[in-house]
Participant: 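Structure provided below as structure tokens; questions to follow.
Reminder, nothing fancy here: chain letters follow the sequence lines and each chain counts from 1.
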Amino acid sequence: MVTTASSPNGSASFDPYTSVLANYYTPSAYLQSDLESGLLESRRGDRLLALPEALLRGIYSGLEYETGQAARLVLRNCGRMWGKEFFRRFAQELSEYYQKPLAELEMGLFLQNLGQAWKTHGWGLIEIDWTYKDQGVLVVSIRNSPFAALTPAHFTRPMGFLEAGLLGTWFSQLTGQDLIAVQTTSEALGAKSNLFVLSTATRLKDGEAWVDSGLSHDQVLEKLLQPTPTV
Amino acid sequence: MASAFEQMLIEAEARYLKPEELSQLKSHILGWPKRQHVYRILREQESPMVSRTLNALKQEMPSLSGQVLDLCQRHLLLLLRHSAMAMLLQDEELLKERLIEWMEEEVRLYGLQSVYEIAYRIFQQELKDHLAPGELEFIRPFITQVQVALLF
């Protein structure tokens, strides 16, 4: 069991054999593979799955072939389920490691672990922009996303529905509100990062349609931040 | 990721080590007793060095909050422990992956740059006070590597 060597104000002595808690998701500690069995596991012993590029490409094109427009919905729902599981595991892992419930974890520490978890799982570099949080909107940026990198070239709009679903559920569980995410820019379309706007499902219900009609990230954000007209 | 050292052994899979590789291996092993000696000193001296640094920091910056001091303490412990391990194994990558990336983010998040400019100055002095010059040279490059990454 890991305990913290925390002693306020630096007056106490530190036990050299007690770990200082820091980055749970350090890749070399978090990812464990066994060559003999071919298994990939997390440091807690949870099975990890490697997604080969060909599989991701196959998912995109297979879904499009089989379901056409509905592929988006399927991807988003997969993302939701995935996000739910991922959040559950994330919460469990961190509360075990830091020995406190997730809700009591310092915000800074929480965010850092989130970023590191994303990176270590190979999903890119995630950053959260809180500028509009008082207006009920979050902007999430993900750079180097493998999901964007493998988007088939013929799509002319952001296709990160898997990530959008994942982020939506993730932040819903975190905030206890029904949030959804809409992707507004994509690396696949030459943008510097994949931007997602998050807000309540009611406010963002037309979000995908806005993106479909060609609105830019700033325009979507502007529409979203407009005070709701009172009828 | 494999350390430079492991990488060398992987590359030499089905051949003999080249003379330069062999001498690299030899110097790694010959240097072990000394590195282990310094490692032990660091382990023993960690507590006084970190406590004294924090106390001196509190005097120089009396307005620091308990939370920042706590964080600072955690960082100093991490710095020393990871540097000691990196020195023992001669693995700079370890320092980068396990410490620098993590600390960089926290220093930025909590705006600790100005605090750490002072903390590092004090800590470097503590190292000097607790280690002989011949010991200091083993650990110092690692501490400095982190310092440079965080403050410049």
Participant: Got more than 12 heavy atoms from elsewhere within 6.0 Å of CZ, Arg89(A)?
Facilitator: yes
Participant: What part of Leu109(A) lies closer than 4.5 angstrom to a heavy atom of chain B: side chain, backbone, both or neither?
Facilitator: both
Participant: Are more than 12 heavy atoms from other residues, nucleotides or ligands located less than 6.0 Å from atom NZ of Lys133(A)?
Facilitator: no
Participant: Do the side chains of Glu105(B) and Gln116(A) get nearer than 4.5 Å, heavy atoms only?
Facilitator: no
Participant: Around Gln59(B), counting heavy atoms of other residues, nucleotides and ligands shown, do more than 12 lie under 6.0 Å from its CD?
Facilitator: no
Participant: Is the number of heavy atoms from other residues, nucleotides or ligands within 6.0 Å of CD (Glu222(A)) greater than 12?
Facilitator: no
Participant: How many angstroms lie between atom OG of Ser19(A) and atom CG of Leu77(B), to the nearest 0.5 angstrom?
Facilitator: 11.0 Å
Participant: Tell me the closest heavy-atom pair linking Arg74(B) and Val20(A), and the distance in Å.
Facilitator: CG-CG1, 3.2 Å
Participant: Is it true that atom CZ of Arg143(A) has more than 12 heavy atoms of other residues, nucleotides or ligands lying nearer than 6.0 Å?
Facilitator: no
Participant: Between Pro27(A) and Glu97(B), what is the shortest heavy-atom contact and its length?
Facilitator: CD-OE2, 2.9 Å
Participant: So, for Tyr110(B) and Gly108(A), which heavy atoms are closest and what is the spacing to 0.1 Å?
Facilitator: OH-CA, 3.4 Å
Participant: Could you check whether any side-chain heavy atom of Arg98(B) comes within less than 4.5 Å of a side-chain heavy atom of Asn23(A), counting everything from C-beta outward?
Facilitator: no
Participant: Looking at every non-hydrogen atom in both residues, tell me the closest pair between Gln112(A) and Trp102(B) and how far apart they are.
Facilitator: NE2-O, 2.7 Å
Participant: Could you state the interatomic distance from CG (Leu71(B)) to CD (Glu106(A)), rounded to the nearest 0.5 Å?
Facilitator: 7.0 Å
Participant: Under a 4.5 Å heavy-atom cut-off, does chain A meet the side chain of Gln67(B), its backbone, both or neither?
Facilitator: side chain
Participant: Give, for atom OG1 of Thr26(A) and atom CG of Leu99(B), the distance between the pair rounded to the nearest 0.5 Å.
Facilitator: 9.5 Å
Participant: Would you say that more than 12 heavy atoms from the other residues, nucleotides or ligands in this model lie under 6.0 Å from the CZ of Arg47(A), or not?
Facilitator: no
Participant: If you count heavy atoms of other groups shown closer than 6.0 angstrom to CE of Met85(B), is the number above 12?
Facilitator: no
